[in-house]
Each structure stands twice: as structure tokens, then as C-alpha cells.
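Note on naming: letters A, B, ... go to the chains in the order of the sequence lines (proteins, then strands), and numbering restarts at 1 for each one. When reading the values below, keep in mind they use all heavy atoms of this one structure, side chains included, and skip hydrogens, waters and symmetry mates.
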There are 2 protein chains.
Amino acid sequence: MSRNSRRLDQIRAVAERLFRDKGYLATSMRDIADEMHLRGGGSLYAHIKGKEDLLWSIANEATDAFFAALEAVCAQPATPYERLRAAIIAHLLVITQHLGAAAVYFDEWRHLTEPRRSQFMARRDAYEKQFQTLLEACVASGACHASDTRLATLHLLSAMNAMRHWYKPDGRLSAQQVAEALADMLLHGL
Amino acid sequence: MSRNSRRLDQIRAVAERLFRDKGYLATSMRDIADEMHLRGGGSLYAHIKGKEDLLWSIANEATDAFFAALEAVCAQPATPYERLRAAIIAHLLVITQHLGAAAVYFDEWRHLTEPRRSQFMARRDAYEKQFQTLLEACVASGACHASDTRLATLHLLSAMNAMRHWYKPDGRLSAQQVAEALADMLLHGL
DNA sequence: GTCTATATAATGATAGAC
DNA sequence: GTCTATCATTATATAGAC
């Protein structure tokens, strides 16, 4: 799978970037081909079945990354507060490391057709439920005081995810620094 | 302008909803016409010059609403903390009252062509600068302790705006209740 | 103002030469 | 694997009858 999947990975990398920059529908197969210095969109079909396959594999790349990061956090012994804070930082770091995939995970997934769309939503909902459980444990321990854990979870998740809109990999702060600062603002306010 | 602009407002209202539900590019003129019980997309062109005019007018509706709400807050005498909290709540209420326009303001605006795209971004940046000034005043007064006001502003704005993704007008809490709860979580943490 | 028909352009995808 | 050429579809927008 050395040469073949390398070419496929190149296509996926280009698609990720264009889907984030312009959106899935505004990105044509010809756009992707151009960025790969191919003369026509047709050449891409030697490597993929169709455009939506790109969207689907990128969406799953993101989902897998979020789950893997959360499972690593939950495998460590920690207080509920420490675990929630670690989960927040881990989630934010995944976003910084997969900005293109994050754009698909948060925005472009809706252009998936059934049954993939529903499959995606189910995995995303399962992930969000795990985050709510972490938050509830934190409230039960007294470390957090959110009175409405459903509302707090919606806010926490959407606020974390919103970082994709402004984070720049070459900014003055490292990804780790930004993630820690954001975690502190989320947990303790401005 | 009674009958004519009423029809135009109907078109804009339908477009707002569809742009939010499916996205600007995924919404065809025929989709809009269908929702208005017109037989062909052509009829719409008796009221508008083109599809992008809809995007543009909706984007400006949102921009105007955000500026109006912020100016009303700044016209009142208040401490920096009270003013920031009032600005947050006002911003969140605008989103709850203009969910379709908010989707355009935050997501779909990028499909504007030049020079409208740049004009939009300039107004949005000006608005965000005003928010940063409010936050800096709050830090200077000692009511907030954010050490990095640029980062804090980016977080605050994006976290507020993220509410568009989960807020439901017919939920168990009123818009005012949700806005106040969110403001408290943003200012004081979870 | 709405209808039908259509001009024009762009898209995702395929076929066959090399 | 990439190329060129092309098909079928869909989109925005226009023209003219009513």
C-alpha cells in the first residue's frame, strides 16, 4: 500500500484543505485535481469512487481522532475535575492538529447522503454524551457548579469547537498553550 | 412599498431558513420557489436581481441587528463589567431572534463575491473590535482577570456565536434565560 | 407577477488512448 | 495512472406569453 495509498493520502490532504477553505460544495473535483497538478478531474477517479468518499473518509478521520483522544484521557486515573480539564485540552489539541478534518466534522458533514449522514451523527452524539458524563461527574464532585448540565454541555462542546474558526497554527502561542488557556477560561471564566 | 416589499420579505424569510438548513450553495432558486408555491425559479427574478442579493441583504440584516444591539447597550451608563455582561446577553438575543441571518453572518457570508465579501468582513471586524474594547475595560477595572485579551476576545466571540448550532426557539428555557445562563458561564466558568 | 421554455455554464463522473 | 474528450445533470438567469 506504499505508493497507492500515498497518492490517496495526498488527495485527501488537498481535499481537507479545500473543504475547509471553500466548503465541500464549492470545491470541485477539478479544483482538487488542479492542486495536485493533474490536468483534469477525471484522473482522480483512479483512486476514489466519488467525491463523497472523500468527505466520508475525512469525517471518519476526525471522529476517530476525537474518540482516541478521549479514551486516552479516561484511561488515566484522575479526579473528575482533572479528567474534564484533560478531556477539554485533548479535544482542543485534536482540532489544532486536524483543522481540515474538524471543518468537515463540524460543518461539512451535513452534505453526506444517507445512510452515512445518520451514521456520522450517531457517533458524534455518542461522543458528546461521554463529555456530558464527564461534566456531570465534575458537578457531582463539587468542582463545578453548573446548575443545568445539559445546557453547560452544549455550551462547552460548541465553545470548544468554535476554536476552529480563529486558531492559526503559526500564531504566537503554541497549540498546547492555547488549549490550556481556553480550558481555563471555559472552566473559570474570563 | 406595501405589497411589493411584502413579497420580497417572504422570499428573504424563506431564503434565510433554507440557507440555514442546507447552506447557501445547496439551496437552489427552485428550492426557494417551491417553498413559496411558485412553479419555477424564474418568477423570483421579478423581485430580486440574483441569488447573491438574497445572501447580501440577509448578511446586512444580521450586521445591522448586532450593531444596533451593541449601541443600545453602550448608550446606557454602567460599570465595565455590567456593560460587558449586557453586551453578551444582547448579542446572544440577536442570535436567537435571527437564527437564519446568523447562519449567514457566521457561515455563509464567505460565498459573497467581491467587493461585498470584503465590505462584510470590514463591518464584522469593526464589531468585534468594539467587543474587545469592552473586555479590555473590564480587565482594567479588575472585574475580569483574562491575561491575554486578544485570546479572550476570540474565545468570547466564537463561544457566543456557537450557540447558533444548538439553540432551539421552542426549548424548555426562554431565549432570555438561555442568554443569561450562557453569559454567566462565559464570565464565571462552568 | 407568474408561467413556460430556454440559453449558458459548471458539475460529477465515465470511456478509451497512451 | 494520467490524459483528453465527453455525457448527463443541474444550476443561475433571461425572454416573452399571459
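The distance between atom CD1 of I48(A) and atom C1' of dT2(D), rounded to the nearest whole Å, is 14 Å. In this structure, CG of D34(A) is placed 10 Å from P of dT11(C), rounded to the nearest angstrom. Between the CG atom of L38(A) and the C1' atom of dC3(D) there is a distance of 10 Å, rounded to whole Å. Residue L8(B) contributes atom CG, which lies 16 Å from atom C1' of dT2(C) at whole-angstrom precision. Computed from coordinates, the H111(B) NE2 to dA11(D) C1' distance equals 15 Å when rounded to whole Å. One can place CD of Q10(B) at 14 Å from C1' of dT2(C), the figure rounded to the nearest angstrom. Atom P of nucleotide dT14(D) and atom NE2 of H47(B) are separated by 15 Å, given to the nearest angstrom.
Note: F106(A) and H165(B) fail the aromatic proximity criterion, with ring centroids not under 6.0 Å apart.
Listed pair H37(B) / dT2(C) fails the phosphate criterion, with no side-chain N or O lying under 4.0 Å from OP1 or OP2.
Taking the six-membered ring where tryptophan is involved, the planes of H188(B) and Y81(B) are tilted, since the angle between them lies from 30° to 60°.
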Exercise for review: Apply ring-ring contact (aromatic ring centres under 6.0 Å, His included) to H155(A) and Y167(B), showing your working.
Suggested key: CA-CA 10 Å; H155(A) 165 59; Y167(B) 173 75; over 10 Å; no
Exercise for review: Please assess D53(B) against R12(B) for the test salt bridge (charged side-chain N to carboxylate O under 4.0 Å, His left out), listing each intermediate value before the final yes or no.
Suggested key: CA-CA 10 Å; D53(B) 279 14; R12(B) 272 206 279 255; over 6 Å; no
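With respect to the salt-bridge test (charged N to carboxylate O, under 4.0 angstrom), the residues D31(A) and K22(A) qualify. Ion pairing between a basic and an acidic side chain is recognised when a charged N comes within 4.0 Å of a carboxylate O; R85(B) and E180(B) show no such pairing.
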Exercise for review: Spell out protein contact along nucleotides 12-18 of chain C as letters: B when the base is contacted, S when just the sugar-phosphate is, - when no protein heavy atom is under 4.0 Å; keep the 5' to 3' order.
Suggested key: BBB----
